[in-house]
Amino acid sequence: MANTRSFSATAPTALTPPPVPGRGRLRAVAPDEVAQISDFLPPGATWLPAPQHTLPTLPGQPPMVGYLVLVPAGQEPVAAAPAPPEPRPAPAAGPVRIDAGQRAAEVDGRLLDLTYLEFELLAHLVAHPHRVHTRDQLVTTVWGYGHVGDGRTVDVHVARLRRKLGAEHRRTIQTVRRVGYKYAPLTPR
């Protein structure tokens with residue numbers, strides 16, 4: 001197989017500094033640096049490039065490179081320290097209220113019956129009012145990097161959300177033609 005990589009456990013080269021005890025296993029690599037992958041793998045593990053279709057693509061950015069690490073059964077990988085939670089923006093003023101702790105959404109005091117993805121989509125839009133999100137951004141943020149689909153999935157979920165918001169509030173999720181969607185709370189008249 002042409003894409004499989006194999007490295008022997010050799011001593012690090014002069015370009016590869018020895019690992020620093022007590023530090024994380026991730027570090028930046030200089031463009032001209034040759035890193036010995038075997039220094040970062042647990043004993044008995046192998047690695048191979050991840051299929052390109054499983055990696056996210058970001059507009060205007062070079063393609064990402066990812067690797068699959070295969071660890072023998074029964075060998076526990078070293079757990080990474082949990083990342084600090086991402087701060088959530090303050091709730092937006094408007095008729096739609098999101099309670100992330102209860103995973104509940106309501107409009108003018110009426111509780112909405114939403115699926116998991118509908119809730120995630122609405123919560124993301126409400127957390128960033130007046131910001132235009134492309135369909136690809138929403139797929140990446142709400143569905144996750146591994147989702148195989150297109151922007152039409154977003155269109156279907158937005159249509160369902162608008163139906164559930166009701167005739168009076170369906171206009172809070174606005175379509176930005178040829179771009180995507182934004183949440184714009186209606187101002188009282």
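Since the model is a prediction, treat every value here as computed from it, not as a measurement.
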Are the side chains of [X] and [Y] in touch, meaning some heavy atoms are under 4.5 Å apart?
X      : Y      : result
Ile98  : Phe119 : yes
Tyr116 : Arg103 : yes
Leu138 : Leu125 : yes
Pro185 : His169 : no
His157 : Leu161 : no
Arg162 : Thr175 : yes
Leu121 : Tyr181 : no

Closest heavy-atom contact between [X] and [Y]?
X      : Y      : value
Arg171 : Gln174 : O-CG, 3.2 Å
Val132 : Gln137 : O-OE1, 4.0 Å
Lys182 : Arg131 : CB-O, 3.3 Å

Worksheet item: Does CD in Glu106 sit with more than 12 non-hydrogen atoms of other residues, nucleotides or ligands closer than 6.0 Å?
Response: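 Yes.
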
Supply the atom-to-atom distance [X] [atom1] to [Y] [atom2], rounded to the nearest 0.5 angstrom.
X      : Y      : atom1 : atom2 : result
Arg160 : Glu118 : CZ    : CD    : 6.0 Å
Thr153 : Arg135 : OG1   : CZ    : 11.0 Å
Leu122 : Thr115 : CG    : OG1   : 10.5 Å

Worksheet item: If only atom types and distance count, is the side chain of Arg110 paired as donor or acceptor with the main-chain N or O of Leu165 below 3.5 Å?
Response: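 Yes: the side chain of Arg110 pairs with the backbone of Leu165.
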
Item to complete: Evaluate the side-chain contact (heavy atoms from CB on, under 4.5 Å) criterion for residues His133 and Val154: first the C-alpha distance (whole Å), next the side-chain angles of each, then the deciding distance (0.1 Å), finally the verdict.
Response: CA-CA 11 Å; His133 303 273; Val154 176; over 6 Å; no

